[in-house]
Amino acid sequence: MALTREQMAQRVAQELRDGYYVNLGIGIPTLVANFVPQGMEVMLQSENGLLGMGAFPTEETLDADMINAGKQTVTAVKGASIFSSAESFAMIRGGHVDLTVLGAFEVDVHGNIASWMIPNKLVKGMGGAMDLVAGADNIIVTMTHASKNGESKLLADCSLPLTGKGCIKKVLTDLAWIEIDAGQFTLVERAPGVSVEEIVEKTAGKLVVPEHVPEMTFA
Amino acid sequence: MALTREQMAQRVAQELRDGYYVNLGIGIPTLVANFVPQGMEVMLQSENGLLGMGAFPTEETLDADMINAGKQTVTAVKGASIFSSAESFAMIRGGHVDLTVLGAFEVDVHGNIASWMIPNKLVKGMGGAMDLVAGADNIIVTMTHASKNGESKLLADCSLPLTGKGCIKKVLTDLAWIEIDAGQFTLVERAPGVSVEEIVEKTAGKLVVPEHVPEMTFA
Amino acid sequence: MAGFDKVVLSYDEAMAGLDDGMTVIAGGFGLCGIPENLIAEIKRRQTKGLTVVSNNCGVDGFGLGILLEDKQIRKMVASYVGENALFEKQLLNGELEVDLTPQGTLAEKMRAGGAGIPAFYTATGVGTPVAEGKETRTFDGKEFLLEESITGDFAIVKGWKADRYGNVMYRHTAQNFNPLAATAGKITVVEVEEIVEVGELEPSQIHTPGIYVDRVIQGTFEKRIEKVTVRS
Amino acid sequence: MAGFDKVVLSYDEAMAGLDDGMTVIAGGFGLCGIPENLIAEIKRRQTKGLTVVSNNCGVDGFGLGILLEDKQIRKMVASYVGENALFEKQLLNGELEVDLTPQGTLAEKMRAGGAGIPAFYTATGVGTPVAEGKETRTFDGKEFLLEESITGDFAIVKGWKADRYGNVMYRHTAQNFNPLAATAGKITVVEVEEIVEVGELEPSQIHTPGIYVDRVIQGTFEKRIEKVTVRS
């Protein structure tokens with residue numbers, strides 16, 4: 001069975017380490033914060049200038065001056081810091097964020113990512129996505145393996161305009177955990193009950209399949 | 001009579017305007033702060049990270065964490081701000097300081113300045129001088145008109161390694177107020193009792209002498 | 001002290017000198033920390049043909065969005081402009097030009113503009129549409145883009161507290177682009193919630209030193225929230 | 001919270017991993033805001049062949065000057081090194097290499113290094129010995145130098161207060177190069193006068209967010225003053 005959005009977030013959360021500074025994109029990445037393993041602490045960086053993003057506020061603590069990069073009202077955890085956008089992207093561009101999780105339209109075997117622009121559709125802008133993928137060493141892309149029409153999003157070459165070039169090494173889809181190296185995908189794990197054949201079929205770029213492909217496990 | 005150091009500082013102080021942010025170099029420039037005209041306020045920028053430098057402290061208020069760019073202990077005025085060296089030079093390089101006053105070994109008709117390095121003598125470093133001359137629009141150089149051996153410091157071309165290229169427009173010497181434009185010096189004012197002839201004689205670079213050269217006046 | 005007293009008493013005075021065709025740099029992220037009254041004053045003035053540099057362009061009817069209503073903006077430099085139907089329409093009509101700039105590059109362009117740095121290299125945007133027409137260069141085996149800095153005729157900034165000298169502090173994440181915008185304007189205007197006595201702000205805690213600020217005005221703010229999100 | 005607890009209890013632990021030939025970036029201006037105990041620990045370790053990046057090199061017998069005594073520094077990157085007879089001697093002997101860098105360029109090189117900007121243009125140094133071997137380029141009719149950023153294996157920093165997460169505040173002008181150095185080290189070590197409870201530092205007032213900091217140690221400081229100047 002393909003993973004649910006929650007399961008995808010849960011699998012990504014297994015990559016967290018105690019003491020990680022993490023930037024989570026909008027959508028599934030945001031859900032990762034709900035699955036931080038017990039006894040582990042991570043700090044969420046929000047690129048509008050907040051390190052140590054906390055829970056949503058209550059009606060009583062709601063504050064227009066306290067938002068996240070998705071423009072939602074939030075709170076700050078104890079030990080948070082708040083700074084300018086230049087400082088925020090100094091952290092991001094300078095590689096100080098330990099893990100970045102974000103969505104995408106397409107990823108290819110060269111580690112390219114397309115996530116912001118569909119030609120002939122209105123372009124709303126890249127926001128901080130280009131900085132995030134260019135600056136981070138450790139990025140996990142979360143997306144469905146294929147479109148609703150069954151078209152693979154794991155390609156030999158991205159067809160859409162890029163967000164970043166050669167910067168993606170890890171992709172979690174609803175079907176598989178895929179790693180990218182030396183111009184090819186490698187199938188590392190599959191979703192419980194999903195066959196290697198289905199993944200192979202839905203992966204357009206060159207995919208290396210090891211002899212044994214374990215199923216993902218969830219605590 | 002050649003101006004004293006105090007008179008030089010006093011003449012420079014006539015160029016101050018109410019509300020100016022000013023960076024004063026070591027030596028004569030520092031003395032300018034003693035001659036701020038009454039009813040006028042300026043704020044002193046010290047490039048180690050202080051805007052609003054005050055008087056020296058008393059024994060009681062002496063604080064090792066409160067120094068100026070000359071490494072002297074100082075105080076901060078009301079309304080001062082304190083920041084990093086990067087922020088300090090953002091102000092300087094970005095042209096936000098209204099007036100910079102500094103000393104020099106030589107200045108030439110192209111507006112070049114040499115103030116930091118004498119070949120075959122030990123080089124101690126340029127500190128912030130290169131940033132100051134490159135960043136400011138409004139710079140006054142203070143120096144003696146000639147060396148003790150009578151060699152002019154106002155040259156056709158600087159002989160010493162430069163601190164900055166084409167950035168000086170105003171020079172106050174112990175003999176004259178000189179402006180630089182279009183590859184020549186212009187004699188604007190002379191020290192009281194100093195003859196135009198003496199200034200001409202002691203100026204090696206091309207000097208334009210207007211029909212009338214007023215004497216400086218001091219309040 | 002008259003020389004350092006930056007306080008003005010009317011919005012008219014605050015935006016005096018703004019002319020058609022100028023470049024305005026605005027602080028704010030979404031609707032958070034936007035100089036809402038300075039924007040309203042630009043609308044009142046009906047200044048046209050503006051280039052506006054801001055992370056976003058407000059929403060329909062609030063923030064920079066209101067400057068679209070009378071087509072006052074000719075060109076928008078922003079990282080994300082998706083909140084706004086009128087923007088979309090004018091863009092498709094060709095009435096509005098947009099220069100989409102990655103958020104971190106935009107922040108650094110403002111900072112560099114204020115700091116006298118005409119250009120810098122960044123990895124952001126290499127191999128993407130953002131790189132079109134820009135020079136790339138390799139440092140240490142990695143490819144980078146040359147990005148030029150931004151300065152504006154006016155910077156409009158929203159602060160929390162300021163003193164008469166123009167020293168400013170920002171509140172929470174309403175800081176965002178504001179201190180960067182403040183450095184990059186030929187004329188920088190800051191509107192704040194509160195004007196405090198000179199000396200009240202701790203020198204090491206000032207976010208924007210007064211040297212960057214030309215005018216300060218005290219306003220009242222709606223502080224509209226784009227996405228109210230609360231936990232139950 | 002173990003993962004964010006940056007506090008170490010010994011200077012030995014604070015400088016663990018420092019090896020011969022590494023680059024160390026140090027905060028401080030003159031003797032103000034220098035990480036004096038971290039410097040002393042480098043001396044105790046007798047690490048050799050260091051490249052040290054700092055605005056100055058201390059004085060004879062204090063600050064970075066003590067690392068000259070056993071010739072631990074191979075190369076110094078600084079803006080001003082005139083306070084120090086041993087420095088002079090080793091320089092003339094050819095035992096020490098020096099790269100004189102304008103103060104503002106040095107500050108920006110550290111900041112850029114920490115911010116992932118490999119190089120930037122500045123007007124500082126154009127037409128001077130600093131420009132030798134460097135590329136120049138014209139923007140808007142004015143000439144600028146290309147300057148590359150600096151990063152270090154270690155950054156040693158002196159703070160005032162820090163919490164266990166490594167959030168740091170600096171005191172008065174002891175801030176200087178410290179927050180810049182803090183961003184530019186692969187391993188950043190901060191020694192402070194006081195370690196406070198997490199949550200005690202106001203988020204918007206933190207000068208160096210903990211993300212830049214790897215180790216925090218509480219020390220006691222001599223705070224020697226280079227030029228005691230008092231009014232009568």
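Remember, it's a predicted structure, so these values are computed and weren't measured experimentally. Throughout, a chain's letter reflects where its sequence line sits, starting with A, and its residues are numbered from 1.
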Would you say [X] has more than 12 foreign heavy atoms packed within less than 6.0 Å of its [atom1]?
| X | atom1 | result |
| --- | --- | --- |
| C:Asp20 | CG | yes |
| B:Lys78 | NZ | no |
| C:Lys134 | NZ | yes |
| C:Asp140 | CG | no |
| B:Lys169 | NZ | no |

Interface moiety of C:Arg111 toward chain B, non-hydrogen atoms closer than 4.5 Å:
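The side chain, not the backbone.
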Taking side chain as everything from C-beta outward and backbone as N, CA, C, O, which of these in B:Val77 sits under 4.5 Å from a heavy atom of chain C? Side chain, backbone, both or neither.
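Neither part; nothing is under 4.5 Å.
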Where does B:Ala134 contact chain C at under 4.5 Å (heavy atoms): side chain, backbone, both or neither?
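Neither part.
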Quick check against the 3.5 Å criterion: does B:His96 have a side-chain atom that pairs as donor or acceptor with the backbone of C:Gly114?
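Answer holds: yes.
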Any donor-acceptor pair under 3.5 Å linking the side chain of C:Asn167 with the backbone of B:Gly79?
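Yes; judged by distance alone, with no hydrogens or angles, the pair exists.
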For [X] and [Y], work out which heavy atoms get closest and say how close.
| X | Y | result |
| --- | --- | --- |
| B:Leu51 | C:Pro209 | CD2-CB, 4.1 Å |
| B:Arg93 | C:Ala115 | NH1-O, 3.0 Å |
| C:Tyr212 | B:Glu87 | OH-OE2, 2.7 Å |
| C:Gly3 | B:Asp18 | N-OD2, 2.9 Å |
| B:Tyr20 | C:Phe4 | O-CZ, 3.3 Å |

Any chance you could measure B:Ile82, atom CD1, to C:Glu202, atom CD, to the nearest 0.5 Å?
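B:Ile82 CD1 to C:Glu202 CD: 7.0 Å, rounded to 0.5 Å.
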Quick one: pull up CD1 in C:Ile211 and CZ in B:Phe83 and give me the separation to the nearest 0.5 Å.
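So the CD1 of C:Ile211 and the CZ of B:Phe83 are separated by 7.0 Å.
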Between B:Met43 and C:Tyr165, does the side chain to side chain contact (heavy atoms under 4.5 Å, CB included) criterion hold? Intermediate values first, please.
CA-CA 10 Å; B:Met43 269 211 170; C:Tyr165 290 4; 3.2 Å; yes
Do you know which of B:Gly95, B:Ala86, B:Gly19, B:Ala80 has the most heavy-atom pairs under 4.5 Å to chain C?
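Looking at each option in turn, the highest pair count goes to B:Gly19.
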